[in-house]
Each structure stands twice: as C-alpha cells, then as structure tokens.
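To start, the structure under review is shown below, and the notes come after it.
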Amino acid sequence: MSSKPRILVTRRWPAAVEQVLAERFDVTLNEGDVPMTAEGLADALRTYDAVLPTVSDRLPAELFAGGLRAKILGNYGVGYNHIDVAAARAAKIVVTNTPGVLTDCTADIAMTLLLAVARRAGEGERQVRAGEWTGWRPTHMIGSKVTGKTLGIIGFGRIGKVMAKRCHFGFDMDVVFYNRSRIDPAEASRYGARQLDTVEDVLRASDFVSLHCPGGGENRHLINAERLALMKPGAYLINTARGDVIDEAALVAALESGVIRGAGLDVFEAEPNVPERLRRLENVVLLPHLGSATEETRVAMGMKVVVNVTAFFEGREPPDRVA
Ligand code: DGY
C-alpha cells in the first residue's frame, strides 16, 4: 500500500499539473471531467487525505459533519465562497486558494467585456455570422466611445488595481474606486485611480462600473435595483467577480427598461444556468466564466495548489492558506 497522501482531484486539470500530482501523491483524477455530486464530495472528504475542488464544486457546512479523513482542501481558484470556510475550520480542515496568478488574465476578460459591450462586438459578430450584414453605413450599430470615459471599480484588490492600470494608462480613463478599507492615495495614483467614500459615489460618477470584490457574505446582491438606479442611464456594468454580487433579476429588469445601457458578464448567480431573459438581450455580452482561462494561468493555478498541498503534507505552512 502507498504511504503517499491520498488525493482526489474533482475535475480535469491541465495535463502538466496532473502529472506532477501523480508523481508526488497517490492521486485519483477525474478522467471523465464529470462534475461531482454532493454525495460524491461528502464521500471524498471521508476517504481522501486531501480534496482538490474547483470554484464550481459546492462545499456547504453539512458536508463537513461527521468523521472526516480529509485534512486539507487545496482549492483550484482564488475565490472560495463555494466552500463554507467556517465549517471547514471547525472540522480542522485547512483551506488554500490560488491568488496572484490570475490577476492579469481576469483583468483582460473584464477589459474584453467592457470593450465588447460598449462597441457592440457581440451583436456585430452575430449579425455577420447570420449573413445579415447589409454593408457599411453612418448609422450602423453605433456604440459608446471608451477612451476618456470614467471607470468605477468596486473592490481595489489585485485585479481591481490591474484593471485600473489598463483603463487609465491604456484608454485615458478617469478611474475612481470603492474599497472597504482605505488605500494610500499615493498607492492608488500608481494605478491612475482615486478612492471615493461609498459604492453609491462610484456608481453615480461612472460610465463603466467593473466589479472586482469577492462574492458571498455581505457582498451578495451588493448591486441591487436601488443601486442600479443610481448608475448613469448610458452606463455599463461589468462583472468578472462572482455572479451573486449582482441581483440578477434586478439587472435583467434594468437592462430591459433602459435603466442602464448594457452589461458584460463572465459570472452568473446559478452557473451554468443563465436566465433566458438575459440571453435574449442584445445589450449584454455573456461569457462562460473565462476570467482565468488561459494556458499559462490555468497551469500556474494548478502549480500553486501543488505547492500548497506539498507544504501541508511536509509539515510546513501552505503559502496560500485562507483557513
Ligand atoms: C477564481 O479563481 O475564483 C475564478 O473565478 C476562476 O478561475
């Protein structure tokens, strides 16, 4: 019998990372890449030393009850609001995440959505593909200029800062932000940004609002009907953070009635289900949670998990421990 820790990987990971895991651990891979059920995850916590979930696995409090074998959850992703961290901590299970390595690529997807929705790229692409384009004309598919506009950022962590940098230094945008804690103005100005006191101040001031705060907890439905009504009528909302930061039903109503002009969304409240009313709208760009989906980033995320889990089983503190 192997003396290596028994590890379960809940989904397919990049081959290079799976190979390293297989060399170091007694690993069970999910070769079919089939999402695990709640019972499957509960069983994994009872039978493996480590479970390596992704952001699409739900690990609520009830999964942590009873006698568990697992000692660590090496989460593949920076967000961990899908894990009841308090329950994991109570069950003496360490939780780690993968910060830092997906900052650029997530900001790039936010930028992609911002440009695509402002310049109607999704609509235009659909028109060309459908063979419905009748040719250039001065009034065809008029969008909104991006350069020089005001960007409002909610959550000035790693990704928010990089988004600010891209927009200020790349697109001459005035950048304002809301962050729960105060950021040194000198630090903010390195990213071409300035802090405002409230979420409401940012919403009122901005032509584009981009969300970069964690999901869950008090951020659930941070953007609700009342706050959407504070945005400029011509403004756009971009979400690459977590679906539950926006009250999706309120957003659909705001988009349908013209309270705001458009939205670019990479995340949704009940992924992978996207409401039909949202899918019917032309003034939205919808992506299937692609923020970190580059070869470089997905390998780097996996390698971070390897480092965290290896440190744990060698008796060292995992570098990205969150619980
Ligand atoms: C994360 O890591 O939290 C992203 O949402 C997926 O990469």
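We use all heavy atoms of the structure for the numbers below, so side chains are in, but hydrogens, waters and symmetry mates are not. Here, residue 1 is the first one in the sequence, and each next residue gets the next number. Numbering of ligands and ligand atoms starts at 1, following listing order.
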Atom indices of ligand 1 within 4.0 angstrom of Val55 heavy atoms, with elements: 1 (C), 3 (O)
side-chain contact (heavy atoms from CB on, under 4.5 Å) between Phe208 and Met173, intermediate numbers included: CA-CA 10 Å; Phe208 297 89; Met173 294 174 88; 3.7 Å; yes
Would you check whether Gly79 has a nitrogen or oxygen atom less than 3.5 angstrom from a nitrogen or oxygen atom of ligand 1? yes
What residue and heavy atom of the protein are closest to atom 7 (O) of ligand 1, and at what distance? Ser292 OG, 2.6 Å
Tell me if a side-chain donor or acceptor on Ser206 pairs with a main-chain N or O of Gly152 at a distance below 3.5 Å. yes
Cation-aromatic face contact Arg261/Tyr236, 6.0 Å, 45 degrees: no
Measure up the Phe156 and Phe177 rings against each other and bin them: parallel (under 30°), tilted (30 to 60°), perpendicular (over 60°). parallel
Just wondering, are more than 12 heavy atoms of other shown residues or ligands nearer than 6.0 Å to CZ in Arg119? no
Which residue and non-hydrogen atom of the protein lie closest to atom 4 (C) of ligand 1, and at what distance in Å? His289 NE2, 3.7 Å
Tell me whether the count of non-hydrogen atoms from other residues, nucleotides or ligands lying under 6.0 Å of CZ in Arg180 goes above 12. no
Can you tell which part of Val78 has a heavy atom less than 4.0 Å from ligand 1: side chain, backbone, both or neither? both
Which bit of Thr98 gets closer than 4.0 Å to ligand 1, counting heavy atoms only: side chain, backbone, both or neither? neither
Using distance alone, decide if ligand 1 has a nitrogen or oxygen within less than 3.5 Å of any nitrogen or oxygen in Arg242. yes
Run the numbers for me: atoms of ligand 1, each under 4.0 Å from some heavy atom of Leu102, listed by number. 2 (O), 7 (O)
